[in-house]
Each structure stands twice: as structure tokens, then as C-alpha cells.
Amino acid sequence: MKTSIATVSISGNLPEKLEAIAEAGFDGIEIFEQDFIAHDGAPREVGEMIRAMGLEITLFQPFRDFEGLPEPLRAKAFDRAERKFDLMQELGTDLVLVCSSCHPQALGGIDRAAADFHELGDRAASRGLRVGFEALAWGRHVNDHRDAWEIVRRADHASVGLVLDSFHSLARRIDPDTIRRIPGDRIFFVQLADAPGIEMDLLYLSRHFRNMPGEGDLPVIDFMRAVAATGYAGPISLEIFNDLFRSGRPRSVAMDGYRSLVALMDDVRRAEPAVAVDLPAMPRRATVDGVSFIEFASRGAEADALEAMLDTLGFRHSGRHIAKTLSLWTQGAIRIVINRETRGYASSAYNMHGTTVCDIGLSVDDAGAAVARARHLGAKPFDQPVGPGELQIPAIRGLSGSVLHFIDEASGLGDVWQVEFTAAGHDAPGAGLTRIDHLAQTMSYDEMLSWSLFYTTLFEMDRAPMVDVIDPDGLVRSQALESADGQFRITLNGAETHRTLAGNFLADSFGASVQHIALASDDIFASAAEMARRGFRPLPMSENYYADLAARFALAPEMLDRLRAANILYDEDAGGAFLQFYSRPFAGGMFFEIVERRAGYGGYGGPNAPFRIAAQKRLMRAKGVPNQ
Ligand code: MG
Ligand code: MG
């Protein structure tokens with residue numbers, strides 16, 4: 001499989017783009033004419049620079065407004081084409097993309113267009129070049145790949161073929177299975193892009209909101225399955241126009257692109273077993289059974305305060321590491337590790353972010369396979385030296401420098417708690433917390449797509465629809481990722497301004513990280529009572545909140561009193577009810593959440609988020625914490 005990406009997809013100047021693309025592992029680029037023109041260097045040198053980076057130019061684009069023109073415009077269009085052919089030969093590429101005409105004077109007629117392409121094919125062939133025709137979704141006469149294919153078929157020229165672009169076909173809801181009828185060797189090039197499922201003008205959607213396959217809502221997988229079934233064996237290329245990517249870091253956008261392309265083709269291979277997909281074998285997405293542990297990097301008084309809070313939450317200090325300054329706190333199936341080491345990865349995480357979640361351990365079916373898949377998708381493995389008697393637990397680097405460890409029972413990795421930790425401390429009955437319900441990660445809005453792609457390509461999880469959370473000082477976007485059985489849930493919260501609680505946390509902690517950890521209880525009132533007994537102080541909610549709750553839901557007065565007394569928030573969906581309360585913020589804005597899901601409640605208490613945020617901000621302002 002030859003992977004490619006259009007230079008327009010990535011920010012930076014041409015050399016920066018090329019470096020990022022080569023580093024991410026792509027085989028080639030579509031050179032977008034604008035990127036070439038903006039560069040100061042002769043075409044031959046540009047071609048050499050590209051090849052020196054180990055890349056080939058898979059396509060030159062775009063050549064616009066060619067077919068169907070009346071004379072003298074027609075002759076001028078052929079002259080323009082000849083000049084582009086000169087340039088292509090200097091650059092060293094043999095394929096040009098001609099997109100369907102939007103010219104106001106272009107005439108319709110399939111045979112007229114076919115005749116134009118036949119002549120263009122003759123001229124290209126005389127120089128050893130080829131021409132690919134693409135239907136733009138907003139083309140004046142041709143806006144459907146079926147019409148473009150009919151023109152290519154009637155042009156009947158070996159040097160004229162079809163270019164397919166998933167955006168143009170899928171955004172117009174054209175059935176991708178119509179592609180299966182096209183002979184694979186008549187398809188010269190395939191471009192892929194996804195897009196969010198929002199209704200807007202297609203040209204505007206295409207120029208600003210395209211995203212990587214798997215980041216949007218289009219059935220790119222069905223499109224690519226149909227393409228693969230034709231026997232097409234040419235480059236598979238990303239052509240993404242996106243305002244966030246244009247301002248993003250070239251390397252992370254290129255890495256995301258590579259990850260999305262490889263994951264997509266792996267999905268295609270599994271869905272179309274009869275089709276040969278030229279891609280190294282890799283394990284399927286890992287199934288995550290839950291969060292095995294959360295590790296905080298912390299020091300001194302902050303670490304003491306965090307441990308004191310864990311104690312009030314009903315955790316038991318149940319072990320110390322055999323060699324390192326790590327303490328293990330447990331309750332139900334929840335494990336929290338406090339790492340006070342002054343060397344190694346956790347220490348650097350602390351130095352960079354202050355008290356922070358530096359490591360997440362996931363319980364998977366096959367830890368080795370999870371790492372192998374991640375490596376195929378471009379993730380870096382993570383390891384640091386292990387001491388005598390310690391286990392080597394497979395791990396990878398996540399995004400923003402984070403670390404994910406994988407624990408499976410089959411390899412005996414689940415024994416790490418007995419092997420590496422000595423039993424310690426006092427026994428306590430706990431407060432009835434059972435497991436980690438969800439982790440909430442905060443990031444800047446423009447990183448959200450990267451994180452959601454990272455998780456959904458590595459693990460069996462689906463994206464819930466994105467929701468807007470209103471902070472008194474701005475908007476936060478929230479996207480939940482969930483495994484089908486709900487055992488593994490992550491919410492991604494994207495802040496657009498530093499004045500929001502999430503944005504402020506982000507600025508304070510220097511980068512994306514876990515901001516809150518939600519712990520599940522089967523009886524939230526009993527948990528709250530036990531925690532109160534242990535000295536836990538919940539986030540106080542306003543009386544107005546409970547007055548509104550009485551208006552919104554048919555709650556018995558006694559129930560309302562119980563909620564109010566324990567500062568518990570309440571929500572319902574079609575499935576059931578949700579009860580939640582929060583700790584007070586600690587260490588720069590992190591907090592714990594306690595939740596009880598009743599019946600099949602599927603959400604996260606989103607309608608309560610604005611009131612929770614306002615309550616947190618009240619508390620932080622009262623403490624005189626600046627800029628909150
Ligand atoms: Mg295109
Ligand atoms: Mg939550």
C-alpha cells in the first residue's frame with residue numbers, strides 16, 4: 001500500500017511540511033500547486049528535495065476549469081495544460097488531477113467533455129504523463145463520480161483515468177457501492193477525507209472542515225471497501241482542508257493522518273477478507289475491560305493532601321512499592337498509585353505539570369498485542385529500566401507526553417500488585433466505591449480530534465455526539481468515548497479560552513491531562529454518608545440548583561432533601577437516572593467525582609456541568625486563586 005498526503009493538509013512552509021510527512025512514515029505527497037508557488041526554488045530542485053526525503057510526488061494538483069469550454073477558451077485551456085505538463089516534468093511526477101469545471105462558460109455534455117479529455121490524453125501521453133479526472137461535489141456540470149467515470153470511459157484513452165475523492169462522493173450521499181462497478185485499473189488515484197455530519201454548503205464544508213478518516217461522520221470505510229474491491233492498487237492519499245490543521249503543529253497532523261490511514265486500511269482488510277490489502281498484519285483493536293490503575297506524580301505537601309483526600313474518599317493505603325517511593329491506595333476494584341520519586345518519568349512529569357496523572361493502566365485482553373497495534377499506528381513504545389523483582393509492563397507514549405500501561409491476566413501482569421508492593425497500612429471498611437466510571441481529560445479544543453483518533457484507532461470504543469458545556473467564561477466542547485459495554489469511558493474536554501475552568505487548568509498544568517476521575521458507587525447516599533463521617537468535604541451546590549431540579553424532574557420531596565443535604569446532583573435520560581457529587585478542587589484544579597448510574601443511564605450529567613463549574617469557580621475565587 002502506497003500512502004500519500006496532500007501538502008495542503010499540513011501547516012508550515014514546504015520544507016516543514018515535507019519533513020513532517022516523511023517523519024510520519026508516508027511514501028508520497030500530492031503536491032498542491034499553491035505550496036509549490038509559495039516556495040522559492042526551481043521546480044527541479046523542489047523535486048530533488050522531495051525525493052531526498054524519501055518521498056515521491058504521487059500527484060500534481062489541481063488543474064481547474066478544463067473541460068467543456070467553447071473556443072477560444074478551449075484552446076487557452078490546452079495551452080495552460082501544456083505549461084503544467086512542463087512543470088510536472090521538471091518536478092518529476094506523471095499524474096495531474098483535473099477537477100470538474102466550475103467555469104461559468106463551461107458547456108455540459110458527456111461526449112463534449114470526453115472528446116476534450118481524449119485530446120488531453122494524447123498530449124499527456126506524448127510526454128509520458130497521465131491525466132486523472134475528479135468530480136467536485138459543486139462542479140458546474142459534473143458533480144458525481146458516476147458521471148466522471150462515464151466521461152473517462154468514453155474518452156477511451158489509456159492515459160486518462162478517474163480520480164475518486166471520498167469527500168465529494170460521500171458528502172453528496174452517493175452510494176459508495178457504485179464504485180465497485182468501475183475497473184480498478186481505470187482508477188488512477190484515490191483521495192480520502194472525512195467530515196463532520198453538519199449541514200452546510202458543501203464547498204464551505206470541504207474547504208474548512210474536512211478531517212482525517214475516522215475523525216468525522218462520513219462512511220469512509222464503505223467508500224474504501226468499494227475502492228479496494230475494484231482491485232485498485234495505486235496510492236491512497238489524504239486530502240484534508242481544515243482550519244485547525246492549517247494552524248496545528250505539522251508533525252502531529254501528519255502523525256494523525258498516518259494513524260488514520262493505516263487504521264482505516266486495517267479495517268478495510270477485516271471487512272473485505274476476499275480483497276488483498278498490501279499492509280503488514282497487525283492485531284485488532286484492544287478491548288479494554290476497565291482502568292486497572294491511575295498513577296499520580298506528586299511531592300511533599302501536595303502528595304500528603306492528596307493522600308488525605310483519598311482517605312476521606314474511603315480508600316485504604318494498601319501497599320508500598322518494594323523499591324520506589326510509591327504508595328498504593330485501593331477501594332473496590334480501584335487502584336490509585338501516588339508516585340513521589342525524584343527520578344524517572346513520573347518525576348519529569350511532576351516537574352513539568354506539578355501534581356498530575358502521569359500514567360494510566362488499562363486492563364486489556366492481550367497487553368503485548370495492544371502495544372504491537374499501537375506501534376503499527378505510529379505510537380512510540382515506552383519503557384524505563386525496571387529494578388530487581390519488578391515486572392516489565394508493556395506501555396506506550398500517548399499524546400502530549402502521557403503514558404499508557406497495559407495489563408492482562410494471561411501474561412501474569414495482574415500480579416504486579418502482589419509482586420512489587422508490600423502490604424502496608426491500616427485497614428478500613430471503605431465508602432462503597434467500586435470502580436472507575438470514567439476519566440475526564442482536558443485539552444485545548446484543537447487537540448480533541450487527535451485524542452479521539454488516538455483512542456478509537458487503538459481500542460474498541462465509539463464516539464458519542466459532541467456536546468457544548470457552558471462555562472460562565474466561555475465554551476467547552478465535550479466528547480465521550482466509550483466501549484460498547486461501558487467498562488471503559490473517557491471524556492475529552494476541549495477548551496477554547498484560558499478563562500474557562502478547563503482552559504485555566506490547561507494553562508496551569510502546561511498541557512493536556514486528566515482533570516477529573518469519576519468513581520462509581522452502587523449506593524451514592526451511603527457512600528456520601530461514610531465519606532462525610534471520614535471528613536470528606538463535597539463541592540457545595542447552590543440552593544437555586546435544587547429549586548430548578550424540583551421544576552425539571554418529578555422527584556419526591558424526601559428525595560430532593562436527600563440530594564440537597566449531600567450536595568448530590570441529579571439527571572435523567574431515556575435509560576435511567578444519574579446521581580453525582582464532586583470533591584473540592586485540588587492541586588491546580590483536579591477533582592474527584594462520585595457517580596451512581598441507575599438502570600441504563602448512558603451520559604455523564606452534562607446538563608449539570610455549568611452549575612458544577614460555577615460552584616467550583618465560586619470556591620476558587622473565595623480562596624483568592626487568581627484568574628479563575
Ligand atoms: Mg480531491
Ligand atoms: Mg464527569
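Here the structure is a predicted model, which is why all the values come from computation and not from measurement. Start at 1 and go down the list; that is how both ligands and their atoms are numbered.
- Two residues are said to be in side-chain contact when any heavy atoms from C-beta on lie closer than 4.5 Å; M531 and I594 meet this criterion.
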Derivation of the side-chain hydrogen bond (donor to acceptor under 3.5 Å, both in side chains) call for E134 and Q61: CA-CA 11 Å; E134 174 193 48; Q61 69 132 319; over 6 Å; no
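- Remark: R597 is positioned above the aromatic ring of Y604, its terminal NZ or CZ atom under 6.0 angstrom from the ring centre and at most 45 degrees off the axis.
- Under the rule for a ring pair (Phe, Tyr, Trp, His ring centres under 6.0 Å), the partners of H168 that lie at least two apart in sequence or sit in another chain are W138.
- Taking the six-membered ring where the residue is Trp, F133 and F117 present tilted rings, their angle falling between 30° and 60°.
- Using a 4.5 Å heavy-atom threshold, the side chains of H145 and I179 count as touching.
- Annotation: ring pair (Phe, Tyr, Trp, His ring centres under 6.0 Å) contacts of F245 (sequence neighbours excluded): none.
- Ring orientation note: the planes of H208 and Y204 are tilted relative to one another, at an angle of 30° to 60°.
- Counting heavy atoms from C-beta on, the side chains of S101 and E67 come closer than 4.5 Å.
- Shown are the protein N/O/S atoms under 2.8 Å from the Mg ion (ligand 2), given by residue and atom: H438 NE2, H516 NE2, E593 OE1.
- Within the sub-2.8 Å shell of the Mg ion (ligand 1), the protein contributes these N/O/S atoms: E134 OE2, D165 OD2, Q191 OE1, E239 OE1.
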